[in-house]
Amino acid sequence: MIIKVTVIVHSDNDELQLGVDESYSLLVSKSNEHSIIGELSIEANSIYGALRGLETMSQLCIFDYGVKTVQIHKAPWFIQDKPRFAYRGLLLDTSRHYLPIEIIKQIVESMSYAKLNVLHWHIIDEESFPLEVPSYPNLWKGAYTKWERYTVEDAIEIVDFAKMRGINVMAEVDVPGHAESWGTGYPDLWPSPSCKEPLDVSKNYTFDVISGILADMRKIFPFELFHLGGDEVNTSCWATTPHVKQWLKDHNMTSKDAYQYFVLRAQEIAISQNWTPVNWEETFNNFPSKLNPQTVVHNWLGGGVCPKAVASGFRCIYSNQGFWYLDHLDVPWDKVYYAEPLEGIKSISEQKLVLGGEVCMWGETADASDVQQTIWPRAAAAAERLWSDKETTSSTNTTTAALQRLEYFRCLLTMRGVPAAPVTNFYARRPPLGPGSCYEQ
Amino acid sequence: MVMRKLGLRSILFAVVIHILVISAVADIKNLKIWPMPLSVSYGHRILQLSNEFVLKTEGSKYPDASGILKEGFSRLLDVIKVAHVVDANFSYEGPSPVLKGIQVVILSPSDELQYGVDESYNLTIPEKGNPAYAFLTAKTVYGALHGLQTFSQACHFNFTTRTIEVHQVPWTIVDRPRFSYRGLLIDTSRHYLPLPVILKVIDSMAYAKLNVLHWHIVDTQSFPLEIPSYPKLWNGAYSSSERYTVADAAEIVRYAGRRGINVLAELDVPGHAKSWGIGYPSLWPSKDCQEPLDVSNDFTFKVIDGILSDFSKIFKYKFVHLGGDEVDTSCWTLTPRINKWLKQHRLYGTTAYEYFVLRAQKIAISHGYEIINWEETFNSFGNKLSPKTIIHNWLGGGVAQQVTAAGLRCIVSNQDKWYLDHIDTTWEDFYSNEPLTNITNPEQQRLVIGGEVCMWGEHIDGSNIETTIWPRAAAAAERLWTAYDNIAKNPSQAARRLAHFRCLLNQRGVASGPLTGGGRAAPEEPGSCYEQ
């Protein structure tokens, strides 16, 4: 019988930053002839390592239907564990569909079950601007409705809730594209009322607003990384809107130059506010030598990007859309599982520049009703890739074992009330094909 | 003189009723309450909900020893604060008066939850007062819980003050359900549903004022429930961890009961029972012909007796569901041993089916239950059924008419409109399904005790049950709760209000799907919850 858990945490610092020590060791001793009391102890350098240990411990516990108590089988256990990558992310998109706070909390809670540690909050996009920005109080007029908004306190609540589970929140302000909704409150940010994206590069006002948003967000999001987007910028509105066109001419810039100018100026704002900028890979693909050397490049378009980014000395986050975009419903669990963030990177020093990876739950067809069954169980496959040692997860003969464990984990999620979909359906988030056991679907 | 006074009073009363009904009909567009109450009048002012919003029970005859009301009040505070962070330090000095609390007066001291329990309530929220209190009266605590649900839907978060407001005061709401049986079926045999999933479904039922969880526990595919009298029955579970202990089942009943929801347990015999034989193979006609249960074996009825005896300790609702649907008796005639028995007893397939159902009914009655059976029993031998039997319609329309004409009670679940697993059926279909169709005689109308939406589990598990149930079950919930005259004649008139309720469910963490499309459809494109 186990009557207590001893948790030893060596550091009294509970600051949660990138690279915080998440290692732990877990010991379950067997009861012996002297005592029927077994011992369970967790030792960690940081409180966040201890939380990971508690999660592992919960997965050793099994309800025994005979004696109707919770048991730990196969004792004694000794587990030593630490993550392979420091950054293990999940993106949520609250612009395409507003996600209520309660739903976001449910997702954060479930992330901790899979030891994911970064919630990448893609707050705003062209469709809606749901977050309150006190410096520019008209911005959230770009919300879908007055009910579909987050106050500053709501955002802080999410950050605090996540921190209690060892999860950082990385906010994203995606500029200059994907920002049409900003202009609902401040139409001056549009090149013109008929050509609304990207943000008007020619006005200082645009950068004042960005600076105001980032200053307000700095008070909410303590994580050192901040995502500035920079993807899919179609500059044709700049080239066709007379006053912007004139400005380009005056500054002797092509549209492409202006894109670079915009991204770099936004980076400067972020750095001046003590953020480390993260940018989608297009920024690196277009002007790699100009990016601030601190920049973290966020891959998404395809393979081979992180190798180039780290070869240029940048840090990189892997999210190859062929494998790790959860809105791609036709990517099966094993494709997710075998995607390798370090693929094509041989040198150890370059490998160290890959912070980790992230699965992306873009919200075009995901709202409160289906977001969790689209995330799970595939996000758990990526979570193992990001947490576990490469040797234990990479040979193809691990497939059967991994599938069995993943099916078990998805049932564990449903037992905890998380709507995780069947593992082996051809399309994600589809219903089970017929009656059957959770463990076989 | 006396007569004249009375006359005047009743005229006045009639006028008041008239005004109330008019306001309910005329202002429906601006109401955000689901399901629509019996009568509503409201104003256009706003009250600020106090940060120390309190429950007062002076004058209540209900002692609340079990804490049902207190817990209901605490859940009320939870759901009205769930959507956003409320500023706890906000000191209010604005123009709107503060609502200090709610006074709940309950007339009955009893918290017994039985079929037909009085669920009515009156809720008034004043526009001012010093201090102002909402006033909720009800015959029973369960009526009061409904009143608290309605109250929660009058509360809104103010994005400027970061506090909760009650909009559209003053409110006067008089409310009671149209039908006393408003059910939702869940099926834990086709897929096991984990305990937290079931509890969450119960929470969401309470939001829509549904009051019966019909638990279709066992079927052909698996037998997940522990039966102490026959401990091998749950060997028929899918796996060792996909099972419910007696304590689990008791917890479901307790949890539902505290929300005013009864649990109707179903034991579907003699068909749909193949999984019983995993633990006790002699219940099968033979190893290769495993359904229906062996009618010729007394052991079969001993097991049923044992199960129902165990049921009676857990499931306190006065009804038990004995199934009786889709019985294919060919295994009986094909199995020589049983065929011989049939001949000895001058029975054939259909009469043996009747014999089985009636014998099972007697066993259930001996354990104090009244019986619900699927409609095939009525269609095949209606005049032989215990007269207290309630017939559960499912095959199609028009059955309630025949059942009530025969003097039996009926629950409506016609599959073309109220089967949630039919994912092509739209919310409008659910909304429009009228249980009293073609039943004009008031005596017969009273025999229709209500209706139920059925969430059969062939393609339903913990991952998609909520989004397949909601929002369509809410459409049926309004049909079952709301007075006929207040139900939208054209569902489109209720669409905005239902969309609002769907988004309310989302805010409360319930995965209700969009209105567009049938069941569990993903939103087609980006957009507001209120428009999808």
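Heavy-atom basis, side chains included; hydrogens, waters and symmetry copies ignored. The sequence lines fix the lettering, A, B, ..., with proteins before strands; numbering per chain opens at 1.
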Can you tell which of [options] has the highest number of heavy-atom pairs within less than 4.5 Å of chain A?
options: R502(B), Q221(B), E242(B), Q507(B); value: E242(B)
options: F157(B), W234(B), Y530(B); value: Y530(B)
options: R243(B), E531(B), R190(B), K200(B); value: R243(B)
options: A522(B), C529(B), A511(B), G462(B); value: A511(B)

Measure [X] against the heavy atoms of chain B and call it side chain, backbone, both or neither at under 4.5 Å.
X: F63(A); answer: side chain
X: L433(A); answer: backbone
X: K105(A); answer: neither
X: E364(A); answer: both
X: R416(A); answer: backbone
X: P431(A); answer: both
X: W147(A); answer: both
X: E153(A); answer: both

When heavy-atom pairs shorter than 4.5 Å are enumerated against chain B, which of [options] gives the highest number?
options: A366(A), G436(A), A421(A); value: G436(A)
options: R149(A), E157(A), K146(A); value: R149(A)
options: D370(A), D93(A), T365(A); value: T365(A)
options: I103(A), D125(A), T145(A), D367(A); value: D367(A)
options: Q373(A), E132(A), Q441(A), M415(A); value: M415(A)
options: Q372(A), R429(A), E102(A); value: E102(A)

Checklist entry - Does W376(A) have its ring centroid less than 6.0 Å away from the ring centroid of Y113(A)? => result no

Which answer fits [X], side chain, backbone, both or neither, if we ask what part of it has an atom under 4.5 Å from a heavy atom of chain A?
X: W470(B); answer: neither
X: S222(B); answer: neither
X: I460(B); answer: backbone
X: S241(B); answer: both
X: A83(B); answer: backbone

Checklist entry - Distance only, no hydrogens: is a donor on one side chain within 3.5 Å (strictly under) of an acceptor on the other, for R520(B) and T467(B)? => result no

Checklist entry - Among side-chain atoms of E55(A) and S112(A), is any donor-acceptor pair under 3.5 angstrom? => result no

Working to the nearest 0.5 angstrom, can you tell me the gap between [X] [atom1] and [Y] [atom2]?
X: L498(B); Y: F430(B); atom1: CG; atom2: CZ; answer: 12.0 Å
X: Y244(B); Y: I314(B); atom1: OH; atom2: CD1; answer: 13.0 Å
X: S95(A); Y: L99(A); atom1: OG; atom2: CG; answer: 10.5 Å

How are the rings of [X] and [Y] set to each other: parallel, tilted or perpendicular (split at 30° and 60°)?
X: H84(B); Y: F159(B); value: perpendicular
X: H178(A); Y: H122(A); value: perpendicular
X: W456(B); Y: H216(B); value: perpendicular

Checklist entry - Under the 3.5 angstrom rule, does the side chain of T94(A) hit a backbone N or O of I123(A) as a donor-acceptor pair? => result yes

Checklist entry - Distance-only, no hydrogens or angles: does the S512(B) side chain make a donor-acceptor pair with backbone N or O of N506(B) under 3.5 Å? => result no

Checklist entry - Between V82(B) and I101(A), what is the shortest heavy-atom contact and its length? => result O-CB, 4.3 Å

Next on the checklist: Working note: R165(A) + M111(A), criterion side-chain contact (heavy atoms from CB on, under 4.5 Å); need CA distance, chi angles, decisive distance, verdict.
Outcome noted: CA-CA 9 Å; R165(A) 287 151 184 81; M111(A) 286 172 72; over 6 Å; no

Checklist entry - Could you walk me through whether Y136(A) and Y186(A) pass the ring-ring contact (aromatic ring centres under 6.0 Å, His included) check? => result CA-CA 9 Å; Y136(A) 291 90; Y186(A) 300 95; 5.7 Å; yes

